[in-house]
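Here the structure comes first, spelled out in structure tokens, and everything after it is commentary.
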Amino acid sequence: MQQLLDRMKKDGIIIDDNILKVDTFLNHKVDPKLMKKIGQEFINRFKDSYITKILTIESSGISPALFTAYDLDVDMVFARKKKSLTMSDDVYQTEVFSYTKKETNNLIVSKNLINSDDNVLVIDDFLANGEAAKSLANIIEQAGANLIGFGIVIEKTFQSGREKLNHEGYRVESLARIKSIEKGNVYFY
Ligand code: G4P
């Protein structure tokens, strides 16, 4: 998606050979016009699928997921990393390990929000090692719902995420694909 690539080139900040900071339009400050375009692009990529729900993970997945859900006219659910005060014990729960942050989080979704009739599209901001994506797939499996595939805003192809998801037979569509980050440069496909 050219508009996203242009924005990454303009505003992305290289933290090291693994991490691109995109805090000015996706991860901290959010550009709604770009998110709207991203939502439309996901809908276009998955136009052959019947989607009844969008699932993402807090916090940075919420913006692209919400714009996609809005234009599809379906609900968006975000998995929480911590159980909120108002949640009952009737939840789907799984663990996710972050290689980037070297920490394990819980992922929690109330059981009444996804059911076995749902056709779920997962949206997330980054695909790195695929751990978050696999955990969301696990929650969809617990719900007995149908997983349509993964819509990813930025994929880092030099990490193992896509390989893991394709190995499981899942469809993955990403809007920007980073080939490598080397010596202060980002290389895209
Ligand atoms: P994985 O799920 O694919 O295995 O990825 P990983 O554990 O490595 O990622 C952990 C967190 O770091 C995720 O955010 C992910 O979006 C983010 N992340 C991974 N690579 C990059 C990168 O190159 N740039 C940026 N900006 N973020 C990256 P999170 O912990 O869920 O945070 P948030 O959603 O609350 O913002």
Side-chain angles (χ1 to χ4, degrees), residues 1 4-32 34-35 38-39 42 54-69 76-84 93-109 120-141 147 149-168 170-189:
M1 183 183 161
L4 174 62
L5 288 175
D6 291 345
R7 190 63 183 269
M8 289 168 71
K9 285 174 189 166
K10 182 169 155 276
D11 290 340
I13 295 171
I14 295 164
I15 301 295
D16 57 34
D17 283 357
N18 271 318
I19 303 288
L20 184 69
K21 180 171 165 173
V22 288
D23 274 16
T24 56
F25 62 91
L26 181 60
N27 286 147
H28 201 11
K29 187 171 77 166
V30 177
D31 178 343
L34 182 60
M35 291 308 125
I38 283 172
F42 281 136
I54 303 290
L55 178 65
T56 189
I57 174 170
E58 66 169 337
S59 53
S60 299
I62 293 175
S63 318
L66 184 59
F67 276 89
T68 311
M76 181 275 288
V77 175
F78 63 91
R80 289 186 178 272
K81 293 174 182 166
K82 285 204 175 92
K83 201 151 173 272
S84 83
Q93 191 160 346
T94 186
E95 285 190 339
V96 55
F97 176 71
S98 166
Y99 289 99
T100 306
K101 294 185 171 174
K102 300 279 177 275
E103 64 182 25
T104 301
N105 278 302
N106 282 314
L107 282 194
I108 308 163
V109 173
V120 184
L121 173 64
V122 172
I123 299 282
D124 210 356
D125 58 334
F126 271 91
L127 178 63
N129 290 298
E131 293 301 314
K134 274 178 54 188
S135 297
L136 291 173
N138 179 279
I139 283 185
I140 293 166
E141 195 181 325
L147 172 52
F150 293 86
I152 303 294
V153 181
I154 301 171
E155 174 186 348
K156 296 192 291 181
T157 64
F158 55 90
Q159 291 180 261
S160 60
R162 175 178 284 264
E163 203 182 308
K164 283 182 194 161
L165 298 182
N166 286 346
H167 182 74
E168 298 288 329
Y170 299 131
R171 178 176 175 195
V172 180
E173 292 284 342
S174 42
L175 307 190
R177 303 183 73 210
I178 299 178
K179 195 190 285 183
S180 63
I181 305 174
E182 282 166 34
K183 297 182 186 135
N185 290 304
V186 187
Y187 298 95
F188 297 94
Y189 279 98

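Every number for a ligand or one of its atoms is a count from 1 in the order of the listing. Note that the structure is predicted; figures quoted are calculated from it, not measured.
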Students should be able to answer this: which protein heavy-atom is nearest to atom 36 (O) of ligand 1, and at what distance?
S60 OG, 2.6 Å
Hey, is the main chain of I123 close enough, under 3.5 Å, to the side chain of T56 for a donor-acceptor pair?
yes
Hey, is G161 one of the residues with a heavy atom under 4.0 angstrom from ligand 1?
no
Nearest-0.5 Å distance, NZ of residue K10 to CG of residue L5:
14.0 Å
Do me a favour and list the nearest non-hydrogen protein atom to atom 35 (O) of ligand 1 with residue, atom name and distance?
S59 OG, 2.7 Å
Donor-acceptor check, side chain of K164 to backbone of N129, threshold 3.5 angstrom: yes or no?
yes
Report the nearest protein non-hydrogen atom to atom 17 (C) of ligand 1: residue, atom name, distance rounded to 0.1 Å.
F126 CB, 4.6 Å
Which protein non-hydrogen atom lies closest to atom 5 (O) of ligand 1, naming both residue and atom, and how far is it?
A128 CB, 3.4 Å
Any idea which part of N129 is under 4.0 Å from ligand 1, heavy-atom wise: side chain, backbone, both or neither?
both
Below 4.0 angstrom, counting only protein heavy atoms, does anything approach atom 9 (O) of ligand 1?
yes
Between K156 and N18 (side chain of the first, backbone of the second, donor and acceptor by atom type, cut-off under 3.5 Å), is there such a pair?
yes
Sequence neighbours left out, what passes side chain to side chain contact (heavy atoms under 4.5 Å, CB included) with K9? Give chain and number order.
F188
Quick one: does any side-chain atom of S135 pair with a main-chain N or O of E95 as donor and acceptor, under 3.5 Å?
yes
Find all atoms of ligand 1 within a distance of less than 4.0 Å from any non-hydrogen atom belonging to K156, and give their numbers and elements.
19 (C), 20 (N), 21 (C), 22 (C), 23 (O)
When you compare the side chains of T157 and E155, does any donor N or O come within less than 3.5 Å of an acceptor on the partner?
no
Among all the protein's non-hydrogen atoms, which is closest to atom 26 (N) of ligand 1, and how far away is it?
N27 OD1, 2.9 Å
Under 4.0 Å between heavy atoms, the region of K101 that gets near ligand 1 turns out to be side chain
Does any N or O atom in G130 lie less than 3.5 angstrom from one in ligand 1, N or O only?
yes
Candidates D125, L20, V22; heavy atom nearest atom 24 (N) of ligand 1 found on L20
For atom 6 (P) of ligand 1, the closest protein heavy atom turns out to be T100 OG1, 3.4 Å
Subset of ligand 1 atoms that lie under 4.0 Å from at least one heavy atom of Y99
7 (O)
Counting only heavy atoms not in K29, do more than 12 sit closer than 6.0 Å to its NZ atom?
no
Between S60 and D125, what is the shortest heavy-atom contact and its length?
CB-OD2, 3.0 Å
Backbone N/O of Y99 and side chain of K102: donor-acceptor pair under 3.5 Å:
yes
For ligand 1, which atoms have a heavy atom of I19 less than 4.0 angstrom away?
20 (N), 21 (C), 22 (C), 23 (O), 24 (N)
Is it true that atom CD of E168 has more than 12 heavy atoms of other residues, nucleotides or ligands lying nearer than 6.0 Å?
yes
May I ask you to identify the nearest protein heavy atom to atom 4 (O) of ligand 1, giving residue, atom name and distance to one decimal place in Å?
E131 N, 3.0 Å
List the closest protein heavy-atom neighbour of atom 2 (O) of ligand 1: residue, atom name, distance to the nearest 0.1 Å.
A132 N, 3.0 Å
Suppose I only count heavy atoms of N18 and a 4.0 Å limit; which atoms of ligand 1 are within that range?
23 (O)
Region of K81 that comes within reach of ligand 1 [heavy atoms, distance under 4.0 Å]:
side chain
Any protein heavy atom sitting closer than 4.0 Å to atom 21 (C) of ligand 1?
yes
Salt bridge present between E58 and K81 (N-O < 4.0 angstrom)
no
